[in-house]
Number of protein chains: 2
Amino acid sequence: MPKVSHSMMLRSPSEELAVLRTSSLAAVVEREVERLILNGRFSPGERINENKLASELGTSRGPVREAIRALEGSGLIVSVRNRGSFIRRLSVQEVREVYEIRSALFGLAGKLLAERVTADQLERLNGYVTGMEEASRERNFDAYYPLNLAFHEFIVDSAGNAMLAQQYRSFVKKLHLFRARSLVQGGGLGVSNKEHREMLSAITARDPVWAHEAHCRHVVSARDRLLNVIEAEAGKPDRT
Amino acid sequence: MPKVSHSMMLRSPSEELAVLRTSSLAAVVEREVERLILNGRFSPGERINENKLASELGTSRGPVREAIRALEGSGLIVSVRNRGSFIRRLSVQEVREVYEIRSALFGLAGKLLAERVTADQLERLNGYVTGMEEASRERNFDAYYPLNLAFHEFIVDSAGNAMLAQQYRSFVKKLHLFRARSLVQGGGLGVSNKEHREMLSAITARDPVWAHEAHCRHVVSARDRLLNVIEAEAGKPDRT
DNA sequence: CCCAAAAAAATTGTCAACAGTTAACGAAAA
DNA sequence: TTTTCGTTAACTGTTGACAATTTTTTTGGG
């Protein structure tokens, strides 16, 4: 009896079977654990109990261990022999490192996109940006964030470098491994919109150097906003 | 009885045990398989036989499967359910993608290093570059390549971003997944030396923008050399 | 001789059991 | 009361077995 379906995305039994035919149980467990991490159901530093997880997902420990190793390979989990596997916890320094790398990757995406962008793509990019500006004016955060996410995804997906897109996503995921996940995507709507506008201008102008500059800066400034908040928090320790 | 030691780096029995106490068998297998891939004992596209590998390394299939999943997570292996796991094979397009990313990462390393380089580090960098120039004059390839490798490693390790260093290495490893591994590190000693000189100058000048430029260009030009060779090979198909 | 279907072998996917290690708990001594 | 030691429980590491699938070989017909 596959308890899997309970805690997973809803799927019809036939679909469930179709998935099991092409991807191993380990792969299913891997996706599920990643989801649990990204949703915050697993917190950074938390230990993963193989037995518990296996019975919750209705499998044995074998596939669970394989899934854990896969996630370890992609940097979301850290294992210590005989002690267990833990959700990776990023220090402030490591968050800084992630942003530096992400900045370089996103800058590359901007540059590549500027060199190859099509009219259709420009139109869609414009749609995202004006949409975000509108949502921002209306203080409609629930509309803003999905648009913001889609905008960034669209850029890295349109750059013509699949590995780059995958790596970029991998580093965005890593930011969920910081203790204060909620702070990461916070703040600075007005500033962001201005930056988005410039990115769009650079891409529209098909200017790779400018686009690289603008895209890099956008991530760096997101990093600075986050570090400022962290520093502010460090000042007034308590409150939780 | 651990047949492991045969195919691995030589270690005394006590050391062997010390390793086994801190790293699981799966981790040992993972390192070993990675070594086999990087040494070319496993070729891109080749299938990995779990039973065979397990008995060769003196373990059971469990740790082997875990190791395979870890390597899948870091992008060296691809698995298909019920068919097996295969050493990943990179297309020319994917090689191009790897170089683009590597260029961005190495450019970042150069920029960061230019901002924080110490006198000691400058001296060592200078040593590498003059060493390579000397080896190049003497046509001493056996001396050149280790120096070249150490030079690049030293740069990414000194940039003050551990994750960047790890990622950079990961992408260099991926280049071994191209069918013609041997071509990857070939050619262009004179040109490389000129580029190395400029990189050193930019770092010495502590000029982040220049260093970024120079480091990026260095990787791009390595890519172009490789792509030229590939194109030349495509012209005259046979010979193997 | 070649092709298709069936049988056999090989290989992967999953599981349950066992061994070894670590962590938790409680009792005895300082 | 605190600390230390020993016992017990929980958990991880590894293995071998079994089930399911794919690949190879064999066999029979055209």
Side-chain angles (χ1 to χ4, degrees), chain A residues 1-5 7-8 13-14 16-33 42 45-73 76-88, chain B residues 1-5 8 13-14 16-33 36 42 45-73 76-88:
Chain A
M1 46 185 90
K3 296 183 199 158
V4 179
S5 49
S7 48
M8 301 193 58
S14 64
E16 188 98 11
L17 280 185
V19 169
L20 257 291
R21 255 202 307 279
T22 53
S23 47
S24 73
L25 252 184
V28 175
V29 174
E30 183 188 344
R31 274 203 298 275
E32 176 63 5
V33 171
F42 277 139
E46 191 175 339
R47 187 171 139 274
I48 296 179
N49 186 323
E50 295 177 3
N51 272 313
K52 189 168 161 241
L53 184 59
S55 65
E56 274 173 14
L57 298 178
T59 72
S60 67
R61 283 175 53 217
V64 168
R65 283 179 65 89
E66 289 183 22
I68 287 176
R69 281 298 187 285
L71 291 167
E72 194 180 2
L76 291 179
I77 285 183
V78 180
S79 296
V80 183
R81 176 174 167 119
N82 288 328
R83 300 275 308 261
S85 303
F86 304 82
I87 311 298
R88 187 171 177 185
Chain B
M1 46 186 91
K3 297 182 199 155
V4 179
S5 50
M8 301 193 60
S14 63
E16 188 97 9
L17 281 185
V19 169
L20 257 291
R21 255 201 306 277
T22 52
S23 46
S24 72
L25 251 185
V28 175
V29 175
E30 183 188 344
R31 274 202 298 275
E32 177 63 4
V33 172
L36 291 174
F42 277 139
E46 191 174 339
R47 186 171 137 273
I48 296 179
N49 186 322
E50 296 177 2
N51 272 313
K52 189 168 160 245
L53 185 60
S55 65
E56 274 174 14
L57 297 179
T59 71
S60 65
R61 282 175 53 220
V64 168
R65 284 179 64 87
E66 290 182 24
I68 287 176
R69 279 310 190 297
L71 292 167
E72 195 180 3
L76 291 179
I77 284 182
V78 178
S79 296
V80 183
R81 183 187 157 105
N82 286 329
R83 300 279 306 265
S85 303
F86 304 83
I87 310 298
R88 187 171 179 185

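For clarity, every value in this text was computed on a predicted model and none was experimentally measured. Chain A is the first sequence line, chain B the second, and so forth, proteins listed ahead of strands; every chain is numbered from 1. Worth knowing before you read on, the calculation uses all heavy atoms, side chains too, and leaves out hydrogens, waters and symmetry mates.
- Across the helix from C:dC1-D:dG30 to C:dA30-D:dT1, the helix axis at one end is tilted relative to the axis at the other end by 10° (nearest 10 degrees, each axis from five pairs).
- Residues that satisfy the side chain to side chain contact (heavy atoms under 4.5 Å, CB included) test with A:Asn82, not counting sequence neighbours, are absent from this structure.
- For the pair A:Glu46 CD and D:dC11 P, the computed distance is 14 Å after rounding to whole Å.
- Per the geometry, CD belonging to B:Glu72 stands 14 Å off C1' belonging to C:dG13, to the nearest Å.
- Taking atom CD1 of A:Ile68 as the reference point, atom C1' of D:dT12 lies 10 Å away to the nearest angstrom.
- Rounded to whole angstrom, the span from the CD atom of B:Glu66 across to the C1' atom of D:dT12 amounts to 10 Å.
- The interatomic distance linking A:Arg65 (CZ) with C:dG13 (P) rounds to 17 Å, in whole Å.
- Every side chain to side chain contact (heavy atoms under 4.5 Å, CB included) that A:Val78 has, sequence neighbours left out, goes to A:Arg88.
- Within the model, atoms OG of B:Ser79 and CZ of B:Arg47 stand 11.0 Å from one another, a figure rounded to the nearest 0.5 Å.
- Rounding to the nearest 0.5 Å gives a distance of 7.5 Å between CD1 of B:Ile48 and CG of B:Leu71.
- As rounded to whole Å, 16 Å separates atom P of C:dT14 from atom CD of A:Glu50.
- As a whole-Å value, the separation of B:Lys52 NZ from C:dT11 P is 10 Å.
- The residue B:Gly62 sits close to a base: some heavy atom pair falls under 4.0 Å.
- At D:dT12, one or more side-chain N or O atoms of A:Arg47 fall inside 4.0 Å of OP1 or OP2 (strictly under the cut-off).
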Under 3.5 Å, N/O pairs linking protein and nucleotides 19-23 of chain D:
unit_1	atom_1	unit_2	atom_2	d
D:dT21	O3'	B:Asn82	ND2	3.4
D:dT23	OP1	B:Arg83	NE	2.5
D:dT23	OP1	B:Arg83	NH2	3.2

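- Residue B:Arg61 has no polar side-chain atom (N or O) positioned under 4.0 Å from OP1 or OP2 of C:dT12.
- Residues B:Val64 and B:Thr59 meet the side-chain proximity criterion, which asks for heavy atoms closer than 4.5 Å.
- Atom C1' of nucleotide C:dC15 and atom CG of A:Leu57 are separated by 15 Å, given to the nearest angstrom.
- Scanning all heavy atoms of the two residues, the minimum distance from B:Thr22 to A:Arg81 falls at O-CB, 3.4 Å.
- No side-chain heavy atom of B:Ile68 sits under 4.5 Å from any side-chain heavy atom of B:Val33.
- Of the inter-residue distances, the one linking A:Glu66 atom CD with A:Ser24 atom OG reads 6.5 Å to the nearest 0.5 angstrom.
- Contact detail for A:Ala67 and A:Ala26: the closest heavy-atom pair is CB-O, 3.5 Å.
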Using the 3.5 Å cut-off, write out each protein N or O paired with an N or O of nucleotides 6-10 of chain C and the distance between them.
none

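- Under the salt bridge (Lys or Arg N to Asp or Glu O under 4.0 Å) criterion, A:Glu72 pairs with A:Arg69, not counting sequence neighbours.
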